[in-house]
Amino acid sequence: MLTVKYIADNKEHVISALAVKNFEAAEIVEKVIALDTERKSLKSQSDNAQAEMNALSKEIGGLFKSGKIEEANAAKAKTADMKENIKTFSAKLSEVEQELQALLVQIPNVPHPSVTPGKGEEDNVEVKNGGEMPTLAEGAKPHWDLIKEMDLIDFELGTKITGAGFPVYKGKGAKLQRALISYFLDEASDAGYLEVTPPIVVNEASGFGTGQLPDKEGQMYHCTEDNLYLIPTAEVPVTNIYRDVIVAEEELPKKHAAYTPCFRREAGSWGAHVRGLNRLHQFDKVEIVQIAHPAQSYEILDQMVAHVEGLVKNLGLPYRIMRLCGGDLSFTSALTFDFEVFSAAQGRWLEVSSVSNFENYQANRLQCRYKGKDMKKPELTHTLNGSALALPRIMAAILENNQTPEGIKVPEVLVRYTGFDMI
RNA sequence: GGAGAGAUGGCAGAGUGGUCGAAUGCGGUGGUCUUGAAAACCAUUGAUCUUCACGGAUCCGGGGGUUCGAAUCCCUCUCUCUCCGCCA
């Protein structure tokens with residue numbers, strides 16, 4: 001969430017910038033500022049009341065020690081009112097604090113100046129494209145036909161075991177998947193990311209820290225008995241490594257990469273766009289995360305984009321990089337670049353990565369801060385993450401784009417992981 | 001799952017009702033000494049809110065209670081450790 005101080009100091013900018021995200025902020029911003037003023041005044045009243053009480057208590061202590069029992073008891077009699085006073089003020093204070101907090105979590109992150117207005121996907125801006133469009137032979141098939149014919153992925157079996165959207169990968173399909181994971185993780189390690197294997201269920205505090213809770217709980221699978229959530233992305237457990245942590249300034253940036261399965265309920269999706277591997281309830285992904293110094297975060301965002309670009313390039317996939325418009329930008333993000341690869345037999349662009357800078361929006365929720373030697377107080381870090389990459393659509397594009405009459409050609413960079421070059 | 005023990009500052013570890021944000025040691029930082037380093041010695045070294053500032057308030061796992069006053073007493077939750085059981 002945004003800090004109250006930032007909102008108060010940049011009121012007009014917050015309102016106009018959030019309009020780019022199609023968020024009408026004027027009213028809530030006024031409320032926040034008013035509540036904060038009230039909070040400060042209540043705080044000082046409650047502090048004064050408490051200070052008075054502390055002084056009297058000390059006095060009473062002294063009287064008892066020096067044997068002036070009567071005087072002490074007389075002083076004691078005076079405390080009842082003061083206690084009442086303190087209770088009233090602190091109750092009001094915590095009420096106002098809660099109200100303020102409830103408002104703050106409703107305000108989305110302010111978009112970066114480069115973000116253009118727009119309603120949704122259709123208004124995203126292509127900033128770059130690359131790779132070569134494949135020319136498919138006559139009779140080229142979409143991946144859902146290929147995987148069935150070659151028995152690479154079994155949707156019906158997954159449906160039997162679990163339900164729709166939980167496929168079973170088999171044989172070379174499973175090996176290709178594993179090869180991609182290894183390849184992505186190795187590339188991340190080479191780029192200086194520390195590999196971690198985090199839990200794939202998280203508690204409520206973690207869900208709140210990265211912004212999935214309280215608003216988007218419907219998108220996560222929830223184990224109600226233990227109040228734990230299946231992660232929708234490794235971003236959640238990995239970024240939460242730094243919840244309530246103060247990092248030494250010279251240790252920034254912190255770079256982590258993680259492979260995890262991801263779970264999304266995706267309630268309300270249907271139709272051709274979700275066919276085959278296009279949209280699943282469970283899928284695999286390698287995620288890269290950085291905890292960054294605020295002054296460096298946009299430079300780092302570029303580096304992360306370049307890293308992801310290297311992956312799709314090496315896989316030989318035609319891609320384009322989209323800068324998300326205000327309307328498509330997520331609640332918590334300030335700037336996001338989506339990577340899409342062209343799935344030739346479907347004739348569609350598929351989103352395979354989303355690389356975002358959250359500035360200090362998540363860090364404020366997480367209380368992730370850094371401190372330098374000559375800093376009096378710790379400051380919020382910036383947090384960034386990106387998929388590098390999400391597997392199913394990458395697989396779909398590889399299968400479709402690389403199909404030949406002799407079979408499917410495995411991208412060269414993967415052969416050392418698969419052990420075979422044709423499927 | 002059963003029984004017991006515990007949770008204090010970056011770490012280790014004292015403190016069982018009053019001046020304790022908390023002894024001491026280690027670590028960190030600055031300094032003295034030294035050609036330099038080590039050692040030794042001295043000083044300094046948590047966070048949050050509030051205030052222009054001085055200052056004030058809060059924090060000893062979380063929450064609640066008793067008391068004029070709680071790190072210290074009571075209740076409750078969470079977590080950790082030990083033993084037993086079960087188990088990949």
Side-chain angles (χ1 to χ4, degrees), chain A residues 1-9 32-104 197-209 213 223-229 237 240-252 254 261 291 360 363-381:
Chain A
M1 59 200 172
L2 300 173
T3 62
V4 178
K5 186 168 164 38
Y6 179 80
I7 294 173
D9 292 349
V32 162
I33 294 171
L35 267 179
D36 190 51
T37 311
E38 194 184 345
R39 195 195 110 248
K40 284 179 184 174
S41 135
L42 282 170
K43 169 75 174 151
S44 94
Q45 291 180 81
S46 131
D47 276 3
N48 288 340
Q50 190 65 55
E52 231 179 288
M53 186 76 185
N54 289 347
L56 186 57
S57 289
K58 246 180 206 181
E59 223 175 276
I60 292 172
L63 290 173
F64 272 122
K65 252 190 184 166
S66 52
K68 299 175 182 164
I69 308 292
E70 262 178 51
E71 279 178 58
N73 282 327
K76 255 181 162 179
K78 289 196 286 187
T79 60
D81 280 354
M82 294 170 77
K83 265 184 142 174
E84 244 349 274
N85 222 3
I86 290 169
K87 256 193 189 164
T88 315
F89 279 127
S90 64
K92 267 193 202 164
L93 180 61
S94 69
E95 204 178 293
V96 167
E97 278 171 344
Q98 276 177 31
E99 235 178 289
L100 183 60
Q101 177 78 3
L103 288 182
L104 283 172
T197 306
I200 60 174
V201 289
V202 294
N203 59 28
E204 217 175 334
S206 294
F208 177 83
L213 296 175
C223 312
T224 50
E225 186 139 0
D226 301 298
N227 198 26
L228 298 172
Y229 295 85
N240 270 281
I241 291 173
Y242 291 95
R243 171 151 48 87
D244 295 320
V245 167
I246 299 174
V247 184
E249 188 177 25
E250 61 270 23
E251 284 179 29
L252 294 174
K254 289 282 189 184
I291 308 296
N360 69 19
N364 190 30
R365 288 176 161 234
L366 293 158
Q367 283 301 296
C368 172
R369 294 169 294 167
Y370 72 97
K371 194 175 175 187
K373 276 185 186 164
D374 25 75
M375 289 167 67
K376 268 201 180 129
K377 286 185 156 209
E379 304 260 1
L380 294 171
T381 63

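Basis for what follows: all heavy atoms, side chains included, without hydrogens, waters or symmetry-related copies. Chain naming here is simple, since letters A, B, ... match the order of the sequence lines and numbering starts at 1 in each.
- Look at the P atom in both rC33(B) and rA38(B): the space between them is 15 Å, to the nearest Å.
- When the options D36(A), L42(A), T37(A) are evaluated for a side-chain contact (heavy atoms from CB on, under 4.5 Å) with K40(A), the one that passes is D36(A).
- As a whole-Å value, the separation of L35(A) CG from rU50(B) P is 14 Å.
- Across all strands shown, rC26(B) forms a Watson-Crick or G-U wobble pair with rG10(B), both key distances being under 3.5 Å.
- Atom C1' of rG21(B) sits at a distance of 11 Å from the matching atom of rU8(B), rounded to the whole Å.
- In this entry the distance linking CG of N48(A) with P of rU58(B) reads 12 Å, nearest Å.
- For the C1' atoms, the distance from rG10(B) to rA3(B) is 35 Å, rounded to whole Å.
- rC49(B) and rG30(B) have their C1' atoms separated by 30 Å, with the value rounded to a whole Å.
- Straight-line distance from the CD atom of Q98(A) to the P atom of rG63(B): 13 Å, rounded to whole Å.
- Taking atom P on both rU24(B) and rU45(B), the two are 13 Å apart, rounded to the nearest angstrom.
- Protein atom CG of N54(A) is 10 Å distant from nucleotide atom P of rG21(B), rounded to whole Å.
- For rC49(B), the OP1/OP2 oxygens have a side-chain nitrogen or oxygen of K377(A) closer than 4.0 Å.
- Each of S44(A) and E52(A) has a nearest nucleotide on RNA chain B; the 5'-most of these lies closest to S44(A).
- K40(A) comes within contact range of the sugar-phosphate backbone alone, with a heavy-atom separation under 4.0 Å but no base atom that close.
- Put simply, R369(A) has no side-chain N or O that comes within less than 4.0 Å of OP1 or OP2 on rA47(B).
- The same atom, C1', is picked in rU72(B) and in rG18(B); the two are 11 Å apart, to the nearest Å.
- For the pair M53(A) CE and rU67(B) P, the interatomic distance rounds to 11 Å; values are reported in whole Å.
- Among the atoms of the strands shown, base atoms are found under 4.0 Å from some heavy atom of I60(A).
- We find that CG of N73(A) is positioned 10 Å from P of rC68(B), with the value rounded to whole Å.
- When Watson-Crick and G-U wobble pairs are counted only if both distances are under 3.5 Å, rC54(B) pairs with no nucleotide at all.
- What separates CG of D36(A) from P of rC49(B) is a distance of 11 Å, to the nearest Å.
- The nearest whole Å value for the distance from the CD atom in E38(A) to the C1' atom in rU50(B) is 16 Å.
- Comparing the same atom, C1', in rG17(B) and in rG65(B) gives a spacing of 16 Å after rounding to whole Å.
- Contact check, K371(A) against rA47(B): a side-chain N or O comes under 4.0 Å of OP1 or OP2.
- Among the heavy atoms of the strands lying under 4.0 Å from A51(A) are primed sugar atoms or P, OP1, OP2 only; no base atom is included.
- For rA5(B), the paired base is rU80(B) (Watson-Crick or G-U wobble, both distances below 3.5 Å).
- Applying the side-chain contact (heavy atoms from CB on, under 4.5 Å) test between T3(A) and each of D9(A), L104(A), L380(A) identifies L380(A) as the sole match.
- When the P atom is used for both rA37(B) and rC52(B), the distance is 45 Å, rounded to whole Å.
- Sparse packing is recorded around CG of D81(A), with 12 or fewer heavy atoms of other residues, nucleotides or ligands lying under 6.0 Å away.
- Residue Q50(A) has a polar side-chain atom (N or O) positioned under 4.0 Å from OP1 or OP2 of rU58(B).
- Pair assignment for rC33(B): none, as no Watson-Crick or G-U wobble contacts are both less than 3.5 Å.
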